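Following: one structure in structure tokens, then a few remarks.
The analysis underlying the following values was restricted to heavy atoms, covering all of them including side chains, and did not include hydrogens, waters or symmetry mates. All values reported here derive from a predicted model rather than from experimental measurement.
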Amino acid sequence: MLKRRPISSLAAFQPQHKHLLCFLSRYALIVPLPSAGVVCFSPSRRDFGRSVGRLNVLAQAAAVEAPRNHQAPGHGVSQVNVVYKFGGSSVRDAERMREVADIICSFPQYLPCVVLSAMGKTTNMLLECGDLALKTSMDEISNLQPLKNIRKLHLDTCDDLGIEPAVRSEVERLINELEQLLIGISIMQDLTPRAKDSLVSFGERLATRIFASYLRAQGVPARQHDAWDLGLTTTDDFNNADVIYEASLPAIAAALAPKPGQPVEIPIVTGFLGRGQVSGAITTLGRGGSDLTATVLGAALGLPEVQVWKDVDGVLTSDPRIVPSTRPVTELTFEEATELAYFGAQVLHPQAMQPAIRSGKMNVRVKNSYNREAAGTIISAARDMNCTVVTSIVLKSNVTLVDIISSRMMGQYGFLATVFDTFRRHKISVDVVATSEVSVSLTLDPKKIAGAPDDELSQVQLELDKMAAVSFRKGLAIISLICNVEKTSEILMRAFSVFQREGINVLMMSQGASKTNISLVVDGARGTEAVLALHREFFDGPSVCSITGLPLSQGVSVGLGINSNRNGGHSNN
């Protein structure tokens with residue numbers, strides 16, 4: 001840790017110099033910053049080498065104009081009236097944290113509660129640390145490259161943002177605590193689900209402390225909170241816990257209520273994390289769970305809106321990595337957003353809509369922190385579907401199709417119950433199902449299988465072989481059409497016309513009970529091609545409403561497509 005030491009003479013250093021002037025002696029490291037006078041650090045002999053390394057960070061900070069102070073938002077507002085959530089790419093480094101601070105302070109009418117994910121790829125690096133610790137001796141843990149990267153990212157960010165010395169010490173303490181946890185994993189040669197949740201919690205805990213300190217340094221009152229300290233309570237299902245709403249909502253409301261005589265501060269809250277109701281241990285809400293944290297806070301406070309800031313202009317008509325011509329959808333229902341999330345869209349956590357549905361009066365808006373002027377996507381309980389045929393097309397790759405045909409007589413009692421109980425006992429989640437009286441076809445996501453997928457599926461097959469013929473087909477893809485199922489006939493006619501033209505065979509089809517989703521299973525090698533062709537069909541033609549003269553809805557209006565408008569016909573069924 002570098003310690004400040006007063007300097008008796010600064011005659012050699014002129015504040016107006018626009019470049020960094022450094023004087024290194026055995027006892028002091030002197031760094032004049034153009035906008036802040038001269039800073040003098042006095043390292044111990046042991047830390048001197050590390051101090052020199054930090055010069056590069058300080059030099060970069062001095063080479064640019066010092067960030068201006070921000071005007072605190074929520075002037076005259078005494079209680080939080082919106083929740084902002086920022087994902088990892090939005091706070092990936094010091095520059096992005098400055099931009100997020102600017103966004104927060106750009107809306108003076110709002111006093112926000114801010115939920116942050118871990119910086120950049122920190123969660124991935126933490127998981128990599130855990131895996132490496134299992135095959136690294138305790139003496140070598142400090143040399144793990146991802147641990148070094150985590151340390152460098154966060155300490156460099158501290159230096160770049162000029163955060164408070166006490167908070168920098170807290171950041172160092174947390175990183176040292178992380179290292180001790182990794183040493184424990186190395187000694188025990190075991191990374192339990194509980195330990196993994198503790199491990200990945202460090203990303204959010206570090207990011208929120210740094211950001212809250214930066215806001216205070218900019219003159220914006222802010223206070224960091226670990227979500228469990230506010231009362232976010234979960235089940236003890238480590239790695240994928242469920243929020244216990246009955247315990248969490250009143251506790252959070254009380255914790256964030258304005259306190260008489262206390263200054264108004266922006267709460268900066270860890271996303272993704274909670275506390276197990278029985279164990280009292282740190283739990284996580286699953287990857288992307290910071291979205292859920294944000295909507296839980298919004299529901300607890302009875303707010304009209306939660307804003308989820310991402311790195312895209314809202315929910316899109318398809319994955320832009322597959323479809324270059326994808327575009328934002330400006331309006332969705334909670335049901336549509338949930339289906340999109342469950343079937344692979346990366347914009348929102350699958351359960352993030354549940355608190356909004358429970359609230360009955362809260363909307364969720366998806367915004368782009370890289371393009372704050374974009375309208376984004378508003379997600380609410382209902383919307384006008386008159387001009388909607390297909391809302392979005394989602395591809396889920398590498399799925400396994402299981403065909404199970406009963407070997408006994410028709411009308412066998414309990415056939416389906418036995419099949420699904422088998423998957424339940426093996427903790428295997430089923431995505432899409434199509435059934436008849438004596439058979440069932442279903443799809444599985446190997447990534448969601450707790451154990452080794454091949455071993456688990458072999459066990460399932462062994463159990464079901466007693467009553468049915470079981471076969472597996474791997475490497476397939478699910479194409480989900482999030483759509484207006486009141487127009488199912490038109491949608492299926494056009495979709496199968498596309499598949500026939502492209503020579504793509506549909507292996508299974510299912511229309512969910514949700515009434516917003518039609519799922520089609522195809523060969524995995526043709527999945528991307530199928531999505532591109534369907535997107536052209538449903539999104540690259542003139543809209544139904546623009547032809548009929550009906551008023552355009554707020555969402556993307558789906559057109560007649562390149563094949564359906566040859567004779568000027570259209571359908572509003």
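A donor-acceptor contact closer than 3.5 angstrom links the side chains of T283 and T234. In this model, no donor atom of one side chain and acceptor atom of the other lie less than 3.5 Å apart for N484 and T388. Side-chain contact check for Q145 and N149: at least one donor-acceptor pair (N or O, by modelled atom type) lies under 3.5 Å. Counted by atom type alone, E305 and Q307 present one or more donor-acceptor pairs between their side chains at under 3.5 Å. A donor-acceptor contact under 3.5 angstrom links the side chains of D197 and T284, judged on distance only. R383 and T391 share a side-chain donor-acceptor pair at under 3.5 Å. Side-chain contact annotation: S290 with S117, donor-acceptor N/O pair under 3.5 Å present. Using a 3.5 Å distance cut-off with no hydrogens or angles, the side chains of N517 and E339 do pair a donor with an acceptor. Remark: the S480 side chain and the S519 side chain contain an N/O donor-acceptor pair separated by less than 3.5 Å.
Under 4.0 Å is where a charged nitrogen must lie from a carboxylate oxygen, and between D131 and K196 no such pair does. By the 4.0 Å N-to-carboxylate-O rule, E463 lies close enough to R425 to be salt-bridged with it. The residues D421 and R424 are annotated as salt-bridged, a charged nitrogen and a carboxylate oxygen being separated by less than 4.0 angstrom. Taking the charged nitrogens against the carboxylate oxygens, E529 and R526 do have a contact shorter than 4.0 Å, which makes a salt bridge. A salt bridge between E537 and R494 is present, with a side-chain N of the basic residue lying under 4.0 Å from a carboxylate O of the acidic one.
R96 places no side-chain N or O within 3.5 Å of a backbone atom of G120 that could act as its donor or acceptor partner. Within the 3.5 Å criterion, the main-chain N or O of M493 finds no donor-acceptor partner in the side chain of S497. Checking side-chain atoms of H426 against main-chain N and O of I428 turns up no donor-acceptor pair under 3.5 Å. Using a distance-only test at 3.5 Å, with no hydrogens or angles considered, no donor-acceptor pair links the side chain of H535 to the main chain of A530. Using modelled atom types, no side-chain atom of S359 and backbone atom of P355 make a donor-acceptor pair closer than 3.5 Å. In terms of modelled atom types and a separation under 3.5 Å, the side chain of S90 and the main chain of F86 share no donor-acceptor contact. Of the possible donor and acceptor atoms, none in the side chain of S380 sits under 3.5 Å from a partner among the backbone N and O of T333. In terms of modelled atom types and a separation under 3.5 Å, the side chain of S318 and the main chain of T326 share no donor-acceptor contact. With hydrogens and angles ignored, the 3.5 Å screen pairs a side-chain donor or acceptor of S510 with a backbone N or O of V433. A donor-acceptor pair is defined here as one N or O able to donate and one able to accept, closer than 3.5 Å; no such pair exists between the side chain of K361 and the backbone of L303.
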Under 3.5 Å, which donor-acceptor pairs link side chains of residues 103-110 to any protein atom two or more places apart or in another chain?
residue : atom : partner : partner atom : Å
S106    : OG   : D102    : O            : 2.5
S106    : OG   : R372    : NH1          : 3.0

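With contacts defined as side-chain heavy-atom distances shorter than 4.5 Å, the pair M362/V306 qualifies. Taking the side chain as every heavy atom from C-beta outward, T317 and I393 never approach each other to under 4.5 Å. Residues L316 and V329 are not in side-chain contact: their nearest non-hydrogen atoms beyond the backbone lie 4.5 Å or more apart. Side-chain contact between V399 and S397 is absent, with no heavy-atom pair separated by less than 4.5 Å. Within the 4.5 Å cutoff, no side-chain heavy atoms of T443 are placed close to those of L476.
D313 meets the salt bridge (charged side-chain N to carboxylate O under 4.0 Å, His left out) test with no other residue; sequence neighbours excluded. Partners of H154 according to the ring pair (Phe, Tyr, Trp, His ring centres under 6.0 Å) rule, which considers only residues two or more places apart in sequence or in another chain, do not exist here.
In terms of heavy-atom proximity, D93 sits nearest to M119 at CA-CE, 3.6 Å. In terms of heavy atoms, L273 sits closest to A227 at O-CB, 3.4 Å. Counting all heavy atoms, side chain and backbone alike, A352 lies closest to D291 at CB-CB, 3.9 Å. What you find for A207 and M97 is that their closest heavy atoms are O-CE, 3.8 Å.
One finds the CE atom of M509 at 14.0 Å from the CD1 atom of I478 (value rounded to the nearest 0.5 Å). The distance from atom CG of L126 to atom NZ of K121, rounded to the nearest 0.5 Å, is 13.5 Å. We find the CG-CG distance between N240 and L285 to be 8.5 Å, quoted to the nearest 0.5 Å.
The aromatic rings of F423 and F420 are tilted relative to each other, their planes meeting at an angle between 30° and 60°.
Cation-pi geometry between R327 and F539 is not met: the NZ or CZ atom fails to fall both under 6.0 Å from the ring centre and inside 45° of the normal.
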### Query
Going through the distances and angles, do C113 and V269 end up as a side-chain contact (heavy atoms from CB on, under 4.5 Å)?
CA-CA 7 Å; C113 173; V269 184; 3.7 Å; yes
